[in-house]
Amino acid sequence: MGDTMQKIIEKLMGMGAEYCDVRYEKRTGLSLEVKDGELKKAVPGKEEGIGIRVLYNGAFGFFSTNNVSDMDNASEIAFKLAKCSKPKEKIILAETKTVKDRIIWKPKKNPADVSIEEKHKLIAGMDEAMRNVEGILTVMTGYSEGNVETHFLSSEGSDIYTSVPRIVAQADLIAKKDGTVVGYRARVGGTSGFEIFEKNDPLEKGVNAAKSAVRILSAEKSPSGRFPVIADPDLAGVFVHEAVGHATEGDSVASGESILEKKIGEKIASELVTIYDDPAIENGFGSFPYDDEGVKGAKKILIEKGVLKNFILNRETAYKLGMEPNGGARAESFAVRPLVRMSNTMMDKGSCSFEELIEDIKYGIYAKNTRGGQVDPAKGSFQFSAQEAFLIEKGEITKPLKDLSLSGLTLETLKNIDAVGNDTRFGEPGFCGKGQLVPVGDGGPHIRIKEVLIGGG
Amino acid sequence: MIDIGKKILNMALKLGADEAEIFLVKNSGTSFSIERNSVNFASSNMSYGIGIRILKNKKIGFAFCTKEAQAEKAVKNALSSSKLGKETKFIFPEPGKTKKIENLYDKKIVEISPEEGEGFVKDIVETALDVDKNIIISSGGVGYSEEHLAIVNSKGIEIEDKGTGIGGSATAVLKKKNTATGFEILSSRMLDIDFNIVGKNAAGLAVKTLNPRKCGSKNMTVLFTPYALSSLLEFTTIPALYADKVHKGESIYSNRIGEAVSSEILTVVENGSMPNGLNSAIADDEGIPSKRTELIKNGVLKNYLYDVLTSAEYDKESTGNAVRSEKWSSSRTFKTMPSIKSRNFIINGKTEKIEKLISGVKEGILVYDAMGAHTSNPASGRFSINSSILFKIEKGEIVYPVKQVMISGNMGDCLKNVSGIGDDFRKLPGGLSTVSVIAPTVRVENVRVSI
């Protein structure tokens with residue numbers, strides 16, 4: 001395939017392109033799904049394909065196909081699209097090192113060496129254990145493994161081969177009592193092999209999720225209004241990802257959509273807040289060795305002690321903003337272009353114990369984990385729903401609450417973080433959607449926010 | 001394409017499948033994305049693949065490949081993965097009578113040149129700037145595609161179909177003292193879209209919401225525009241009507257056929273055979289002829305949505321709602337087995353003029369966006385959304401734009417509290433799935449709004 005790719009590059013440069021790159025991917029995977037004791041799906045899959053990106057006269061054109069044996073017109077189509085695309089400002093790519101490298105992230109326990117029966121047993125076991133918890137109506141468990149080999153070639157001479165494994169086991173369950181229905185999700189995963197399940201047992205996580213769901217069944221409705229909130233590491237991670245991370249993405253900054261535009265060096269958060277994005281975290285769900293423009297994936301400190309320090313950048317937005325590319329270009333697959341994306345976005349730990357966080361709260365909320373969220377980067381508003389929540393009264397957790405969602409303004413909320421826990425961990429692995437779906441990680445410590453708008457059901 | 005399908009089908013039967021079905025799909029699409037008022041990226045994609053579903057000893061197996069040459073390996077994979085499963089009542093469907101549906105394929109879309117495509121984007125941006133020269137179209141774009149598919153099975157189904165689609169969308173940002181956003185999206189199967197409307201409406205909405213005022217926290221009348229309503233339906237009511245979930249008791253509509261589940265002025269229809277429907281086709285993704293199904297009639301629950309697998313399990317008839325798409329994805333794929341999905345979900349009933357709908361409101365809000373709708377709980381119907389593009393209605397008139405509010409409740413209750421259905425029907429693509437919703441503005445009483 002390398003020769004075909006080199007020829008495409010030569011052809012495009014011969015046509016007068018300023019720059020081009022070619023990404024070839026070979027993706028193999030297997031996914032299994034069990035619902036209420038029955039295997040519903042066992043799909044092995046394999047796909048290869050190529051994505052060609054060309055810059056001509058300050059404009060990008062892109063072509064992709066999963067039929068790599070028929071690439072005759074590929075260069076022409078990509079080039080023609082570049083000619084038709086007319087950005088007001090010409091696109092210029094910031095300089096980056098030319099790299100020749102070969103990185104293989106080898107799983108310790110290769111899923112290929114584990115029988116499909118054992119994988120089935122893993123999720124069937126989760127399914128059974130969870131359904132044994134009284135009050136659980138249905139359970140759906142899933143297992144998915146994948147390996148992506150990427151070969152990246154650029155007209156600047158970069159030649160990078162990477163092989164990255166990714167694995168995940170998850171459970172979606174529904175608990176029901178009388179007319180009340182509660183959904184809950186638990187997930188374990190990372191850029192690793194089957195060994196991840198030895199450290200982080202999905203069965204135990206699933207059973208805990210089932211117990212939580214049953215507890216929520218008889219929980220009271222959450223109050224609505226503004227309250228102090230303690231967010232657990234999962235929820236803190238989602239806040240960091242949704243509210244802060246998206247606003248630091250170079251494309252939304254460069255397009256004038258982000259509330260953080262022109263704020264580098266400003267204090268935008270409480271000084272207790274340090275946030276970074278790091279694709280180099282070992283086994284992180286959002287980890288990668290090189291981004292999809294051939295830039296090394298390295299840690300970027302976004303906010304340090306409350307001061308905005310950096311954005312997540314690809315080469316195009318790095319040039320526009322006069323900054324250095326830092327490995328923030330990711331594509332869902334060969335079929336689509338790389339966009340500016342997060343990897344593993346984390347908040348640094350502070351110094352408070354959980355007791356210290358909670359003791360001064362007269363009436364507030366302890367919110368855990370999330371079912372997802374959304375942000376409006378231009379207005380800096382966010383909304384996400386907690387998966388589980390408790391009422392805090394006079395410094396103590398008193399009772400479980402139901403269907404709680406949090407919303408607010410990012411900048412206000414960042415300043416309202418008035419205490420940060422001394423614990424920190426990864427939240428659950430996630431998938432971030434921005435037109436394309438990519439695996440991401442996030443996490444942090446327990447944090448206390450002075451005031452958040454809480455909406456119940 | 002059908003010949004390749006037949007060849008693989010015969011191979012599957014020869015290799016040991018008791019029954020088999022081959023699904024082939026070829027997609028090609030082109031899109032132009034907008035950033036800061038100009039085309040920032042133009043791309044084109046081609047994809048071809050084959051999904052193979054087999055039955056062996058009453059067990060289902062599935063695998064996919066992207067080349068005819070890999071089909072033998074895929075069939076073997078499907079056969080061996082079938083061993084893990086349980087016996088099912090599923091059998092492949094017999095051929096049914098399909099009928100032609102108007103306006104699903106437009107040769108003019110296939111022939112759009114990249115220059116014309118870029119011209120559509122220009123239309124969007126220029127009309128937006130005509131509304132206000134400070135508008136920035138921050139995201140959006142134009143995309144068009146062609147899809148060619150074939151389904152063959154060992155019961156004799158041989159279906160070949162092709163379709164086209166085109167769409168334009170824009171998010172407009174206006175920064176003056178405040179920041180306001182507006183959006184618009186238009187989709188069709190035919191080249192009949194006026195891209196000027198996309199730019200004009202997106203910009204118009206941003207201009208109109210520039211100086212919002214605060215709104216108090218209380219229960220009030222909420223008018224959900226088609227945009228907000230379709231987002232909510234996509235993640236609450238629609239999945240609650242999927243028969244596999246219903247029969248497991250995972251839905252607020254389980255065991256409620258014949259009961260009143262909504263306001264009696266409301267009628268809900270699913271129709272995979274609607275002319276120019278975004279998900280219309282002569283058949284669904286396992287070859288069942290597309291049809292119209294009444295789900296709620298004058299408030300009474302009539303039916304659920306079925307595919308062949310679920311209809312076999314519960315002794316019902318498929319409603320032609322087998323769709324091959326992955327979770328969170330809005331396109332069809334050969335990589336998954338079919339599962340139940342709504343195709344064209346239509347909200348209808350006793351409609352009235354939109355002006356009349358508004359004039360009947362003492363105090364309420366008119367809501368355009370539903371941020372966070374995808375975090376709803378389809379099993380309970382509960383939702384909590386954020387809206388920042390909305391207007392206050394007082395004494396029957398739209399009086400001013402309103403600052404961000406949170407709207408929460410239960411979609412099941414909301415449908416019961418529908419007090420009016422407008423006539424401003426829109427056909428919208430799904431946000432994070434293949435479903436398309438066709439709906440007007442709907443007025444709901446007594447909804448919780450908080451700030």
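Quantities reported herein were computed from a predicted structural model and do not represent experimental measurements. Order of the sequence lines sets the chain letters (A, B, ...), proteins ahead of strands, with each chain counted from 1. Note: hydrogens, waters and symmetry copies are ignored here, and every other heavy atom, side chains too, is used.
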Between A:N67 and B:M46, is any pair of side-chain heavy atoms under 4.5 Å apart?
no
Given that the side chain runs from C-beta out, which part of B:I252 has a heavy atom under 4.5 Å from chain A: side chain, backbone, both or neither?
neither
Side-chain polar contacts of residues 40-52 of chain A - donor-acceptor pairs under 3.5 angstrom, sequence neighbours left out - could you list them?
from  : atom 1 : to     : atom 2 : distance (Å)
A:E47 : OE1    : B:K335 : NZ     : 2.6
A:E47 : OE2    : A:N66  : ND2    : 3.0
A:E48 : OE1    : A:Y24  : OH     : 2.4
A:E48 : OE2    : B:K67  : NZ     : 3.1

Heavy-atom closest pair, residues B:E250 and A:T138
OE2-OG1, 2.8 Å
NZ (B:K56) with more than 12 external heavy atoms under 6.0 Å:
yes
Best-contacting candidate, A:S31, A:S381, A:A74, against chain B by heavy atom pairs under 4.5 angstrom
A:S381
Pick from A:S407, A:S405, A:S224: which one makes a side chain to side chain contact (heavy atoms under 4.5 Å, CB included) with B:S384?
A:S405
Greater than 12 external heavy atoms within 6.0 Å of B:N134's CG
yes
Compile the donor-acceptor pairs under 3.5 Å between side chains in residues 25-33 of chain B and protein atoms, sequence neighbours left out, one pair per line.
from  : atom 1 : to     : atom 2 : distance (Å)
B:S31 : OG     : B:S43  : OG     : 3.4
B:S33 : OG     : A:R337 : NH2    : 3.0
B:S33 : OG     : B:F41  : O      : 3.4

For each of B:T179, B:L84, B:T66, B:V173, tally heavy-atom pairs with chain A at distances under 4.5 Å, and name the one with the top tally.
B:L84
Which residue out of B:E35, B:R36, B:K59 racks up the most heavy-atom pairs below 4.5 Å with chain A?
B:R36
Between B:N377, B:I385, B:T171, B:N178, which shows the greatest number of heavy-atom pairs under 4.5 Å with chain A?
B:N377
Can you measure from CE (B:M406) to CG (A:L406) and round to the nearest 0.5 angstrom?
7.0 Å
Side chain, backbone, both or neither: which part of A:V34 has an atom under 4.5 Å from a heavy atom of chain B?
neither
Any idea which of A:L81, A:D251, A:L39 has the most non-hydrogen atom pairs under 4.5 angstrom with chain B?
A:L81
Given that the side chain runs from C-beta out, which part of A:F431 has a heavy atom under 4.5 Å from chain B: side chain, backbone, both or neither?
neither
Taking atom CD1 of A:I174 and atom NZ of B:K245, what is their separation to the nearest 0.5 Å?
7.5 Å
If you define the side chain from C-beta out and look only at heavy atoms, does anything of A:K80 sit under 4.5 Å from B:S44?
no
Is it the case that the side chain of A:K176 and the backbone of B:G249 share a donor-acceptor pair, with hydrogens and angles ignored and the cut-off at 3.5 Å?
yes
For B:N37 and A:K88, work out which heavy atoms get closest and say how close.
O-NZ, 3.1 Å
Of the non-hydrogen atoms in B:K86 and A:G37, which two are nearest, and what is the gap between them?
NZ-O, 3.8 Å
Got a sec: does the NZ of A:K35 have more than 12 other heavy atoms crowding it under 6.0 Å?
yes
Relative to chain A, which segment of B:M371 carries a heavy atom at a distance below 4.5 Å: side chain, backbone, both, or neither?
both
For the candidates B:G49, B:S81, B:P114, B:S82, which exhibits the highest count of non-hydrogen atom pairs separated by less than 4.5 Å from chain A?
B:P114
If I compare all heavy atoms of A:S255 with all of B:I136, which pair ends up nearest, and what's the gap?
O-CG2, 4.4 Å
Which atoms of B:Q404 are under 4.5 Å from chain A, going by heavy atoms: the side chain, the backbone, both sets, or neither?
side chain
Under 4.5 Å heavy-atom distance to chain B, tell me which part of A:S69 shows up: side chain, backbone, both or neither.
side chain
Any idea which heavy atoms bring B:G372 and A:Q383 closest together, and the distance?
CA-OE1, 3.4 Å
State whether the side chain of B:K175 and the backbone N or O of A:G256 hold a donor-acceptor pair below 3.5 Å, judged by distance alone.
yes
Interface moiety of A:A59 toward chain B, non-hydrogen atoms closer than 4.5 Å:
neither
Best-contacting candidate, A:A78, A:P87, A:C84, against chain B by heavy atom pairs under 4.5 angstrom
A:C84
Counting only heavy atoms closer than 4.5 Å, note whether B:A373 contacts chain A via side chain, backbone, both or neither.
backbone
Could you check whether any side-chain heavy atom of A:E316 comes within less than 4.5 Å of a side-chain heavy atom of B:N40, counting everything from C-beta outward?
yes
Give, for atom CZ of B:R382 and atom OG of A:S385, the distance between the pair rounded to the nearest 0.5 Å.
12.5 Å
Most chain B-contacting option - heavy-atom pairs closer than 4.5 Å, from A:A82, A:S252, A:A254:
A:A254
Which bit of A:V336 comes within less than 4.5 Å of chain B, counting heavy atoms only: side chain, backbone, both or neither?
neither
Under a 4.5 Å heavy-atom cut-off, does chain B meet the side chain of A:L453, its backbone, both or neither?
both
Pick one of side chain, backbone, both or neither for B:A180, based on which atoms fall under 4.5 Å of a heavy atom in chain A.
backbone
Please round to the nearest 0.5 Å and tell me the distance separating atom OG1 of B:T375 and atom CD of A:Q387.
11.5 Å
Among A:E89, A:E117, A:K86, residue most engaged with chain B (heavy-atom pairs, under 4.5 Å):
A:K86
Atom pair CZ (A:F382) and CG (B:N386), whose distance is rounded to the nearest 0.5 Å:
9.0 Å
